[in-house]
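Owing to the predicted nature of the structure, the values given are computational and were not obtained by experimental measurement. Every chain is numbered from 1 and lettered A, B, ... according to where its sequence line falls, protein lines coming before strand lines.
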Protein chains: 2
Amino acid sequence: MGRKATIEESELMTRLSRVFRDVGYEGATLTSLSAETGLKKASLYHRFPGGKEQMAREVLEDAASWLEENLLSPLRGDGKPEARIRAMTRKLDEFYSGGKQACLLNMLTSARIQEGPFVKPIKDLFDVLIRTLADLLCEHGLEQDEARQRAERAVMLLHGSLVLSRGTGSTQPFKRFLKTLPDELIG
Amino acid sequence: MGRKATIEESELMTRLSRVFRDVGYEGATLTSLSAETGLKKASLYHRFPGGKEQMAREVLEDAASWLEENLLSPLRGDGKPEARIRAMTRKLDEFYSGGKQACLLNMLTSARIQEGPFVKPIKDLFDVLIRTLADLLCEHGLEQDEARQRAERAVMLLHGSLVLSRGTGSTQPFKRFLKTLPDELIG
DNA sequence: GTCTATAGGAAGATAGAC
DNA sequence: GTCTATCTTCCTATAGAC
């Protein structure tokens, strides 16, 4: 006891992210964030002077970076659209831990907060994901309207499958969604 | 000031439900529940000795009753399956206030609570909704597997559209989902 | 950069008058 | 059955030692 803790930056963000994804912004307490990271409250405040809000903001930025690097950038890359989409499904499986973890975007969204530090970033993430998917489908030969529609549909199915997985206590819905996703988009 | 409040049972449940649907279980405070209903904290405790947890439990039971009466029962009724499905879309539109309100099932679900008073009811609600939809599709002539798959997808799209609507601050995703739902199921 | 200790406030919950 | 007033607990945040 009383031993000094130490934690790597990326691991720190991962642990914080897990708490917010599990219980949402309101449900996350300094105590739980401290327990999950191994850092005492005062240490967390040293790293995040803005407290819980800053932690959630940085976790969100971290997720946006991951998304850009691991999902969006590859989607914009070259190679057959079909192959890029299959690569995306593998990354989604990884990002959501096979359906065991909820989506940060869902867990950080609450009505009654029309403004606030999360509203704009979350909306932007949804928008860019749908847009990037739609662009890929256009490139694959679909009409713009149809592409946009299918992209939005895929994002709905993604988040719906996560809600359903969490609600039923089974990762099956998410896994089934992943399996049908390529056909959903370009089938 | 100091005036006694009074509120009808069904209106009370509606108000409480709105708070939980807006900010989730952890986000709902006795203060906000009191403000929304007009009843002081002590009055809420008189009606719900179990406090916030009992309020959420009863709100969930209330939602289950509404679902059974307004969605499931009509789905099992007679009339052409297509007509029953269109009736369902209208009820969904009403239940979710045109996409402005989140789903209670999503907002009361949090990981880290593998047990607890909400887990079982929520799972049961998801299951019965999917099962009832699947039965209807079977009746309409679809194979059991295909029916089950489409029913699950429809529920995913419903919840995904609500997540997306909330996250983007627009009811458009939910409205678009409602429009395509009949084709989604029996098209 | 982490810790212990604690201040200050909000949250859940209760007692008792009306 | 609703209220005011209060209690206790938990949470956010800070001070200061190491």
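Annotation for Lys179(B): atom NZ does not count as buried by contact number, only 12 or fewer foreign heavy atoms lying within 6.0 Å. The environment of CD in Gln144(A) is sparse: at most 12 heavy-atom neighbours from other residues, nucleotides or ligands sit within 6.0 Å.
At a non-hydrogen distance threshold of 4.0 Å, nothing from residues 27-34 of chain A comes into contact with DNA chain C. Near-neighbour residues of DNA chain C inside residues 5-17 of chain A, defined by a heavy atom below 4.0 Å, number-ordered: Ala5(A).
Side-chain N/O atoms of Tyr45(B) include one lying less than 4.0 angstrom from OP1 or OP2 on dA13(C). For dG1(C), the OP1/OP2 oxygens have no side-chain nitrogen or oxygen of Ser43(A) closer than 4.0 Å. For dC11(D), the OP1/OP2 oxygens have no side-chain nitrogen or oxygen of Lys41(A) closer than 4.0 Å.
Nucleotide dA13(D) holds its C1' atom 14 Å from the CD atom of Glu53(A), rounded to whole Å. Distance, Lys4(B) NZ to dT2(D) P: 8 Å, rounded to whole Å. Distance CD (Glu26(A)) to P (dA10(C)): 15 Å, rounded to an integer number of Å. The distance from atom NZ of Lys40(B) to atom P of dT14(C) is 19 Å, rounded to the nearest whole Å. In this structure, CG of Leu44(B) is placed 14 Å from P of dA11(C), rounded to the nearest angstrom. Rounding to whole angstrom units, CD of residue Gln54(A) and P of dT14(D) are separated by 12 Å. Straight-line distance from the CZ atom of Phe48(A) to the P atom of dG1(C): 12 Å, rounded to whole Å.
Scanning both residues, Gly99(B) and Ser165(B), for their nearest heavy atoms gives O-CB, 4.0 Å. Shown here for Arg84(A) and Arg76(A), the closest heavy-atom pair between the two residues is NH1-C, 4.0 Å.
Checked against the 6.0 Å centroid threshold, Phe126(A) and His159(A) count as a close aromatic pair.
At a threshold of 4.5 Å between non-hydrogen side-chain atoms, the residues Glu36(B) and Leu16(B) do not count as touching.
Clustering ILVMFWY residues whenever any of their side-chain heavy atoms sit less than 4.5 angstrom apart, transitively, puts Phe95(A) in a cluster other than the one holding Met107(A).
Side-chain atoms of Arg21(A) and Asn106(A) include no donor-acceptor pair closer than 3.5 Å.
No side-chain donor-acceptor contact under 3.5 Å links Ser97(B) to the backbone of Lys100(B).
A residue-by-residue look at Ala42(B) and Lys52(B) shows that Lys52(B) has its nearest nucleotide of DNA chain C further toward the 5' end.
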